[in-house]
Amino acid sequence: MSYDPMQQSNNEGNDASWQPPVTSSSGESAVPPNPIEPRYESDYYSGGQYPPPAQPGAVVTHQQQPYDYGPQPGNYPSGTPGTPSYAPQVAPVPYGQYPPYYPFPQKSRAVVAVLAFFFGVFGIHNFYVGRSGIGIAQLLITLLSLFLLSWVSGIWAFVEMILYLVSTNPRWSTDGRGIPLS
């Protein structure tokens, strides 16, 4: 007699009188084992590592056993409820302990100052920090005036050089993408 989960019992409402089906005269139950309990090789096969080979024409009665997935959620032996015991117990990292990550490299204030000092009349320092509009304006003032108004761009670049070096205003301490200058 084999276990049939679809089998209807005559005593469907009376749970006290229901008994699981029996497969042998020794009284061994055919109810499937608990999937949480560990299984051993000896539970499946009486001999070696693999089951005996099937004889030609024989009916194979061996069914693949379900895989043991380990403890199910909420059934952890120790630790915080809802957290597996094998999970690393790590304290939260305080804000600001690690330097922030920027997707683009940080620009240097010193490089901006050197570019503004030597090539400020052409607006090269503004191109470096990503402010192309101001860089184009300084470049056009210098080139379209045939260097006659380059002194205007020079004073403008000198003031910007000082502001990039000493100011804490976000306009002068960050690049065009908002990443702080180092």
Mind listing the closest non-hydrogen atom pair of D175 and V129 along with its distance?
CB-O, 3.3 Å
Is the shortest heavy-atom distance from the side chain of Q138 to the side chain of E160 under 4.5 Å?
yes
Considering all heavy atoms of both residues, which atom of S145 and which atom of S150 are nearest to each other, and what is their separation?
OG-N, 4.3 Å
Side-chain contact, heavy-atom cut-off 4.5 Å: K107 with H125?
no
At what distance, to the nearest 0.5 angstrom, does CG of L148 lie from CD1 of I141?
13.0 Å
Partner residues of S153 under the side-chain hydrogen bond (donor to acceptor under 3.5 Å, both in side chains) criterion, sequence neighbours left out
T142
Can you sort out the partners of S182 under side chain to side chain contact (heavy atoms under 4.5 Å, CB included), two or more places apart, ordered by chain and number?
Q106, S108
Could you pull out the closest heavy-atom pair between V121 and A157, with the gap in Å?
N-CB, 4.3 Å
Residue pairs passing the ring pair (Phe, Tyr, Trp, His ring centres under 6.0 Å) test with at least one member in residues 126-155, sequence neighbours excluded, are none
Just verifying a value: how many Å separate L165 CG and L181 CG, rounded to the nearest 0.5 Å?
10.0 Å
What one should report as the nearest heavy-atom pair of S167 and S173 is O-CB, 4.1 Å
With ILVMFWY side chains joined below 4.5 Å, transitively, what does Y102's cluster contain besides itself?
F104, I179
Measuring from F117:CZ to I162:CD1, what's the distance to the nearest 0.5 Å?
10.5 Å
Do any pairs count as a ring pair (Phe, Tyr, Trp, His ring centres under 6.0 Å) and have a residue in residues 159-182, sequence neighbours left out, and if so which ones?
Y164-W172
Show your working on side-chain contact (heavy atoms from CB on, under 4.5 Å) between F118 and I124 and close with a plain yes or no.
CA-CA 9 Å; F118 289 108; I124 302 298; over 6 Å; no
